[in-house]
Amino acid sequence: MPGQKLYPRATVKKIVKAHSNCNVSKNADVLIFLDYMLFMQNLVKEAGIEAKQGGERGITARSVKKVTANALAKFKG
Amino acid sequence: MARESRPLDATPNRRASTAEPAVFTGRRSILQTPGSQARGAQRPLGLSASGRKVAPPTATPHARAAFRTIDSRRAAIFTPHRARRRSVREARDSPRDFLLSLGKVLAKTTEPIQTSSSSPGDGSRGSASRRGDDDDDPETTLGPMGMDYDDEDEELPKRPRLSLPIDEDEDDSDDLMPHRSVVIDDENFTMQSIEMPRRAFSEQPGGRLSMNSTRMSDFFNTNDMLHSGDVGNETGFFPTINMIDEENFSMGADLASPERLEDAGRRDTGQESDFGIQVPVDLDENTFMIAPQVQDSPDRYPLEEEDGEKEEEEEEENEPVYEDYAPLVDQRSDSYDGDLGELGDILDLEDEEAADGGTRQFDEETRTDILTAKRAEHRSSSKKKGVNISKHGIEYPSLPPAVVKRLAQNFAKMSGAKGKITPDAMTAIMQASEWYFEQLGEDLGAYAKHAGRKTIDESDVLTLMKRQRQINPQTTPFALAQRYLPRELLQDLRMAPPAPSRKRKKAAAGAEDEAGT
């Protein structure tokens with residue numbers, strides 16, 4: 001674990017670059033990934049709540065799908 | 001005996017409060033005397049006949065009053081049932097008795113008045129008929145209104161019941177009927193006017209170019225929303241169950257739309273947006289579920305127009321299953337002409353469709369051929385694992401699932417759930433993050449371009465996070481970075497982003513933001 005990278009920085013940069021058609025400055029990807037983590041946290045948390053409400057154990061595709069829209073809307077700039 | 005031990009001032013009060021039970025006290029006192037006597041011997045001052053404490057003579061007036069009330073309560077408890085009930089009844093009945101007596105008094109003077117002569121002839125409301133009565137009676141023509149009230153006390157309840165309820169119902173129905181229809185329209189507009197400012201024009205479902213695939217979803221969403229607005233909930237809910245149950249619906253398709261759906265729902269249906277948000281999602285699942293192609297290539301196509309059309313094509317191909325789809329489109333175009341203007345490109349397509357009417361499908365079929373061919377090309381290119389094409393035509397790798405999974409598991413554990421995430425959920429999460437990055441890339445690109453840069457800066461990201469309300473005066477980006485980045489198992493990664501430089505950039509970004517906005 002300790003030696004593992006948290007995320008592939010180059011990949012994140014490429015993804016953002018492709019979507020924005022802009023270059024990504026040297027360290028912006030860290031913040032981007034930080035934001036992504038916040039998004040993931042939100043998504044997973046909401047999905048967990050949704051799953052609990054739906055009586056499922058563990059996070060399921062259904063719960064994730066249900067909360068995806070909200071999470072995305074929340075993270076719209 | 002025991003009573004003698006009671007202080008003088010307490011005795012009369014107690015008797016007064018329990019006047020009736022006093023009859024029985026003899027018995028009680030017999031039973032209780034020994035104990036009370038014994039106790040009385042010990043404390044001659046403090047005990048009453050029933051062994052209760054009695055206010056000592058030295059007690060203050062308040063204390064004595066308190067003792068008295070306590071005593072009376074106890075006495076009430078011990079009073080035999082009949083007596084107690086009677087006493088309660090007395091207390092309870094007093095207002096009723098008053099009314100009864102009043103009624104008796106009034107009964108003598110009041111006489112039933114035959115209203116039949118006036119009321120049917122007037123056929124109007126109470127006041128008018130009452131005047132009619134006055135006119136009929138020679139004596140009361142001059143009589144004041146007060147007389148009428150006295151005479152017609154009995155009359156009043158009857159008439160309103162005959163006439164008023166009907167009128168009221170009519171009134172209510174009149175009020176309600178227009179209300180609903182009006183409310184829907186009005187609220188749509190008001191909601192639009194409220195919602196509009198929130199997003200830049202370019203970001204609205206139609207105008208925003210961000211997600212190519214989204215366009216179609218927008219398309220269908222608005223469709224669904226409109227349909228639901230027209231017809232009601234029915235459309236949304238039935239398919240839902242089936243869809244949810246079926247695991248096989250395509251990830252790309254049903255997830256693509258939700259965000260857009262939400263927006264569309266808010267704008268189009270106003271109050272109904274609550275369920276509107278959910279309904280369209282389900283519907284999308286419906287519509288998209290059938291299209292297996294979407295699953296293959298959830299990627300974005302380089303050209304927006306083509307994308308929209310392609311997705312349409314997919315829909316069309318699947319059409320046999322959903323034959324009612326075309327009518328839905330027609331409905332939407334009819335009822336939402338006003339909205340169409342706002343929605344931009346998509347709407348143009350829709351307008352065309354509306355104009356075409358029946359021929360639309362044929363056109364689309366022809367389009368379909370072309371588009372399917374194009375799509376096939378795209379798919380072949382994008383089938384390489386992990387390579388997608390953005391709307392700008394740039395290929396990009398997708399985030400490694402392992403990373404996403406690790407993140408998701410960590411957060412799941414943090415939020416209290418089990419860290420277990422099913423593969424299905426994993427694909428859903430991957431899809432969500434895909435969309436997230438697409439959305440994020442477009443937003444960041446827009447910010448950078450707005451600032452006249454060709455490079456996405458930290459300041460852009462910070463602006464974005466600020467707008468997402470992830471950053472506020474209480475939570476600085478640093479706090480977030482401290483909390484998340486290092487905590488994510490990786491010490492080295494925390495070192496990797498050079499903190500000081502980010503700090504500087506952050507300050508600069510703040511300055512830029514202020515200057516920019």
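Keep in mind that the numbers below use all heavy atoms, side chains included, and drop hydrogens, waters and symmetry copies. Chain letters run A, B, ... following the sequence lines, proteins first, then strands; residues in each count from 1.
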Any side-chain heavy atom of Y36(A) sitting closer than 4.5 Å to one from V16(A)? no
Taking side chain as everything from C-beta outward and backbone as N, CA, C, O, which of these in K45(A) sits under 4.5 Å from a heavy atom of chain B? Side chain, backbone, both or neither. both
Considering only heavy atoms from C-beta outward, does the side chain of I59(A) approach that of T422(B) to under 4.5 Å? no
Out of K14(A), Q41(A), K17(A), which one racks up the most heavy-atom pairs below 4.5 Å with chain B? Q41(A)
I'd like to know which of L399(B), L464(B), L444(B) tops the heavy-atom pair count under 4.5 Å against chain A. L399(B)
Salt-bridge criterion met for D460(B) and R453(B) (N-O under 4.0 Å): yes
Between I15(A) and chain B, which part of the residue has a heavy atom less than 4.5 Å away: side chain, backbone, both or neither? both
Looking at V24(A), V44(A), N21(A), L38(A), which one has more heavy-atom pairs under 4.5 Å with chain B than the rest? N21(A)
Quick test of your reading: applying ring-ring contact (aromatic ring centres under 6.0 Å, His included), list the pairs with at least one residue in residues 55-76 of chain A, sequence neighbours left out, ordered by first then second residue. F39(A)-F75(A)
Can you name the residues that form a salt bridge (Lys or Arg N to Asp or Glu O under 4.0 Å) with D35(A), not counting sequence neighbours? none
Under 4.5 Å, counting heavy-atom pairs only, tell me which of K449(B), K454(B), Q468(B) racks up the most with chain A. Q468(B)
